[in-house]
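Notes follow once the structure below has been shown.
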Amino acid sequence: MNLVELRIRFNLQPLSVHTSPTVSSVLQQAAVLIAFTQIEGDTHLILTRRPGHLRHHPGQISFPGGKVEADDITPIATALREAEEEIALTRNNVEVLGQHPRYKTFTGFEITPVFGIVKQSFKPVLDPGEVADYFTVPLSFLLNTGNRKQYLYRRHGVEYPVYFIPYKQHVIWGATAAIIEHLCKQLS
């Protein structure tokens, strides 16, 4: 799927409501940028790996993003600011497609996924305080249902789906994989 097809499918498909875990506590607001880029004619999704020293989700695969700050007027502003800080993807180099409903996590976050297309290739510069690794995954790999695994996880007597996506030496799971799952269902 090229970026033109992605843009059309993203805009034409109705949003289905995805299931977030039931969380009763007050949640920290966050936003992430699900950024698509073109590499050698293929559409790829940008991902990062968090450093091991971080308090929340150390070593996990994630999208560029983070907590909403007081100066952020929208979740889109948060996602774009964080992508610029973490991987040097400038705000003016992203065509924002839209956002999905917020995703709640057991770890105390309510994440707004913001979708965008990288307009021109860029050289990622990683903030070592927030990003240990940068890589991309072909969208065609993610759209293949055989590459996405789902297991049921029981918490307080309720079962929730937990998604896993093994890719090369990485294992994408948790909220990141759930957001990818929801996106793939929308695009298929």
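Hydrogens, waters and symmetry mates play no part in the numbers below; they use all other heavy atoms, side chains included. Here the structure is a predicted model, which is why all the values come from computation and not from measurement.
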Roughly how far, to the nearest 0.5 Å, is the CG atom of N144 from the CG atom of L139? 11.5 Å
Closest heavy-atom pair, P75 versus A31, reported as atoms and distance to 0.1 Å, is O-CB, 3.3 Å
Begin from the C-alpha positions of R102 and Q29 and carry the test side chain to side chain contact (heavy atoms under 4.5 Å, CB included) through to its verdict. CA-CA 9 Å; R102 294 177 179 148; Q29 297 300 303; 3.7 Å; yes
Would you call the rings of F36 and F115 parallel, tilted or perpendicular, where under 30° means parallel and over 60° means perpendicular? parallel
Carboxylate-amine/guanidinium proximity below 4.0 Å for E69 and R81: yes
Minimal heavy-atom distance between F122 and V118, with the atoms involved, is CD2-CG1, 4.0 Å
Give the intermediate values and the outcome of salt bridge (Lys or Arg N to Asp or Glu O under 4.0 Å) for residues R154 and E159. CA-CA 4 Å; R154 183 178 296 274; E159 287 187 343; 3.0 Å; yes
Correct closest heavy-atom pair for L142 and C184 would be O-SG, 3.3 Å
Which pair of non-hydrogen atoms, one from P113 and one from P101, has the smallest distance, and what is that distance? CD-O, 3.4 Å
Nearest-0.5 Å distance, CZ of residue F135 to NZ of residue K168: 9.5 Å
Could you label the plane-to-plane angle of the F164 and Y151 rings as parallel, tilted or perpendicular, counting under 30° as parallel and over 60° as perpendicular? perpendicular
Rounded distance (nearest 0.5 Å) linking atom NZ of K185 with atom CG of L183: 12.0 Å
Under a 4.0 Å N-O cut-off, is there an ion pair linking R91 with E84? yes
Which distance, rounded to the nearest 0.5 Å, do you find between the CD1 of I61 and the CZ of R49? 6.5 Å
Modelled atom types, side-chain donor and acceptor of T176 and S62, under 3.5 Å: no
Find out whether V114 and V32 are in side-chain contact, i.e. whether some heavy atom of one side chain is under 4.5 Å from a heavy atom of the other. no
Out of curiosity, D127 CG to E130 CD, how far, rounded to the nearest 0.5 Å? 5.0 Å
If you measure from CD1 on I34 to NE2 on H182, what distance do you get to the nearest 0.5 Å? 11.5 Å
Apply the side-chain contact (heavy atoms from CB on, under 4.5 Å) test between F141 and each candidate in I165, D42, L45; give the one that qualifies. I165
Please report the shortest heavy-atom distance between T43 and L3, naming the atom on each side. OG1-N, 3.5 Å
Measuring only between side-chain heavy atoms, which start at C-beta, is F63 closer than 4.5 Å to L47? yes
Can you find a pair of side-chain heavy atoms, one from D133 and one from R50, that are under 4.5 Å apart? no
Following the transitive rule for hydrophobic clusters with a side-chain heavy-atom cut-off under 4.5 Å over Ile, Leu, Val, Met, Phe, Trp and Tyr, establish whether V171 and Y153 coincide in one cluster. yes
Q169, CD atom: more than 12 neighbouring heavy atoms under 6.0 Å: yes
Quick check: do L27 and K104 have side-chain heavy atoms less than 4.5 Å from each other? yes
Side chain to side chain contact (heavy atoms under 4.5 Å, CB included) with I39: which residues, sequence neighbours excluded? T37, H44, T136
Transitive ILVMFWY side-chain link L33 to V68, under 4.5 Å: no
Do I87 and V125 come close enough that some side-chain heavy atom pair is under 4.5 Å? no
Can you find a pair of side-chain heavy atoms, one from Y134 and one from E86, that are under 4.5 Å apart? no
Cluster question for you: counting only ILVMFWY and a side-chain heavy-atom cut-off of under 4.5 Å, with indirect links fine, are W173 and L152 together? no
Could you tell me which non-hydrogen atom of T112 sits nearest to which non-hydrogen atom of H100, and how far apart they are? CG2-O, 4.1 Å
May I ask whether L143 and Y163 are part of the same hydrophobic cluster, defined by side-chain heavy atoms of I, L, V, M, F, W, Y residues being less than 4.5 angstrom apart, directly or through others? no
